[in-house]
Amino acid sequence: MKKPIAGGAGSAAPVEVALPHSGTSQRRALTGLLENERFLAFVLLAPTVLLLGLFIAYPFVMGVWFSLSDISVGNPAHFVGLRNFVKAWNDSIFRTAFWNTSFYTFWATIFKLALGMWLALLLNRHFRGKRIVRASMLLPFIVPTVLSTFAWRWMFDPTFSVLNWTLYKTGFIVAKLPFLSNGDWALWCAIAVNTWRGMPFFAITLLAGLQTINTDLHEAASLDGANGWKRFWHVTWPLLKPVTVVVVVFSIIQTFSDFQLIYVLTGGGPANSTHLLATYAYQIGVATGLLGEGAAISLCMLPVLFIVVWIQLRYLRRLEGA
Amino acid sequence: MAQVMMKDLNKKYDEVHAVKDVNLHIRDKEFIVLVGPSGCGKSTTLRMVAGLEEITAGEITIGDRVVNDLPPKDRDIAMVFQNYALYPHMTVYDNMAFGLKMRKFPKTEIAKRVGEAAEILGIQELLKRKPRQLSGGQRQRVAVGRAIVRHPQVFLFDEPLSNLDAKLRVQMRVELKRLHDRLETTAIYVTHDQVEAMTLGDRVVVMKDGWIQQVGEPLELYGRPANRFVAGFIGSPSMNFVEMTIAETNGALWADTPGIRVKVPPASAARLGPYKGQRLTLGIRPEDLRVATGSDPADYSFDTVVDVVEPLGSEILLDVKAGSNVMVARVDPTVRAKLHDKMRLSLHPERVHFFDLKTELAI
Ligand SMILES: Nc1ncnc2c1ncn2[C@@H]1O[C@H](COP(=O)(O)OP(=O)(O)OP(=O)(O)O)[C@@H](O)[C@H]1O
Ligand SMILES: [Mg+2]
């Protein structure tokens, strides 16, 4: 009785086994290897891991090393422990920058969320010219930040401010407003510009979220006796929350590490009063050349952002679990 | 408890005239069903009653109030949507309680009403779940529960059973009927399924292209359809239509077409007088045809050839050809019929319908 048994070489019974061709055996070995999930995973992940390692992990590790050293432009690094961090902590400009960053992030995010939500709700209705409004709304988002911020800077300019001129001519003010020449004013101006620039992203994302909410739910709620505000609060908002959390976190990360806008609008001035962590780190690390101290300052952003992301992940996981 | 009146109701979208001159008086406690093919304006009519669509022209009265300008929440109605429209982030309890909360009912009253509704519908165990954790049938019950806790004046249903599988649909149909008998609330029910319409409705409204075709009790629609459309729409399989010529022979009227020649039943003869020498449409339901036996009068019988045999178990559907006319006959399961068999069929003389060729109205 002949019975072809695959891989029957080790069996004692005298069975004829057709020996596979050597060419097919190679190919079979390769397919076998590719069917091995661990090997396949390794092959597929390797390029990504390599790239991430090269462009993210390496700079990050170097940044951490710099922050613990006394490296500066032209001088080699020596390990100095936490001295850079202690120095930053005792530096009043650093504290101002840290406070500014939090203040700037907090208010800009609130305004972006509120106005973005309002715009999204508006655009979710049907009206004439909706497409044009939707397209033009994206404008602040697609114009390069440096360019648009220059335009804003001109509008806030101490001498040539269009805003001052308009308000003055229409009789709302009698003296020029110190848009960028007063530290507090300047920070609020930066918040305004950031809001203007970031709102479209909120609006578009929230609009996409709104469009996934079935209109039947609103109709059911209106039959259930809910007016416009209650429908928003009891139906729209809870269903939009996952999307909202994601955009808010995204925006916090972007705003907290913002650089371009302040760099162009105020350059950190007047008198270092509008520095954010990023611009201050740049000023110390690159402009002054104290790379170690600059690295330490920018690393201070990390724990804050880490906490934000952690809270978001936890929240989203809870939503999924519920 | 309330009656609903629609007077010269019209709805125009930009290009579509969806509802045309609808006049309807729905009596207190009545279960009325709007039925018709897709796009005939049933949902639009219902949504105008709910206040979800603006009324282009005409008037809707609920109870004794004209509601044209009342927002949905003030109309004292509850609606069950086709996809249930349960709030996905709320538990079953909260879904049912939402309408009462919005109307500021005290907590104890809300709990009592939700409890009652849950008991009626047999969903007490589900109250803590979210809609996503329910089966289609359970969601359906919750949607109905959300409507009944409010004790509204009118229930509106927009194809509430169409997302269920066939078996569950039959079961829920029975339950809805029982529920209506128990609650006695006026109900308007939209469906495109004529079986649902016939079994649920106290009266049925057949619509087509935005027009009401006929309003009547189910058996009235079945037995005396007002026009060819209603005749074909109600009943399954639908009525057979044959175009025939009316001619007088020996003082009696005969309907004639190649392959079929039958006498006009005496009951219809008087009405058909004016059609002498003209063409019209004869309609006969599949169940009103039977295999002819020796005792059947020859005047109402004709020869056919079997084209398709569809045994359904309790009955057999025979697709037959008489000349070039195709017909379906619903016959006893004991009938032995094979493809291409010759078969003599006999029609039930009292159940023959005639329709005008142009107006399609029943004669
Ligand atoms: N929002 C709208 N804008 C424009 N036309 C509409 C709108 N809603 C419905 N229509 C049109 O009005 C007509 C009636 O629609 P309706 O929804 O009342 O049909 P229906 O009888 O409920 O059909 P179905 O059984 O498919 O639900 C259709 O021709 C439809 O295309
Ligand atoms: Mg519909």
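In what follows, every chain begins at residue 1, and chains take the letters A, B, ... in the order their sequences are listed.
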Could you state the interatomic distance from CG (L217(A)) to NE2 (H89(B)), rounded to the nearest 0.5 Å?
-> 8.5 Å
Nearest heavy-atom pair of A220(A) and R146(B): which atoms, and what distance?
-> CB-NH2, 3.7 Å
Would you say the side-chain atoms of H234(A) pair up with the backbone N or O of F98(B), donor to acceptor, closer than 3.5 Å?
-> no
Which bit of L86(B) comes within less than 4.5 Å of chain A, counting heavy atoms only: side chain, backbone, both or neither?
-> backbone
Does F306(A) CZ have over 12 foreign heavy atoms under 6.0 Å away?
-> no
Is chain B contacted by the side chain of H218(A), its backbone, both, or neither, given a heavy-atom distance below 4.5 Å?
-> neither
Mind checking the CG-CG spacing from D216(A) to N83(B)? Nearest 0.5 Å is all I need.
-> 4.5 Å
Has K12(B) got more than 12 heavy atoms of other residues, nucleotides or ligands less than 6.0 Å from its NZ?
-> no
Is it true that R103(B) and D224(A) make a salt bridge, defined as a side-chain N closer than 4.0 Å to a carboxylate O?
-> no
Over 12 non-hydrogen atoms of neighbours within 6.0 angstrom of CD1 in I132(A) | no
Can you tell if the side chain of L223(A) reaches within under 4.5 Å of the side chain of P152(B), non-hydrogen atoms only?
-> no
In terms of heavy-atom contacts, does NZ of K230(A) have more than 12 from other residues, nucleotides or ligands at under 6.0 Å?
-> yes
Around D165(B), counting heavy atoms of other residues, nucleotides and ligands shown, do more than 12 lie under 6.0 Å from its CG?
-> yes
Okay, R47(B) and chain A: the region with an atom under 4.5 Å from a heavy atom over there is side chain
Say you draw a straight line from CD of E219(A) to CD of E53(B); how long is it, rounded to the nearest 0.5 Å?
-> 7.5 Å
Heavy-atom contact with chain A under 4.5 Å, split by part of A50(B) | both
CZ/F259(A): more than 12 non-hydrogen atoms of other groups inside 6.0 Å = yes
Inspect the surroundings of CD in E54(B) and state if more than 12 heavy atoms from other residues, nucleotides or ligands are less than 6.0 Å away.
-> no
Between the CE atom in M102(B) and the OG atom in S222(A), the distance rounded to the nearest 0.5 Å is 12.0 Å
Decide if atom CD of E119(B) counts as having more than 12 heavy atoms of other residues, nucleotides or ligands within a radius under 6.0 Å.
-> no
Under 4.5 Å to a heavy atom of chain A? For Y87(B) that would be both
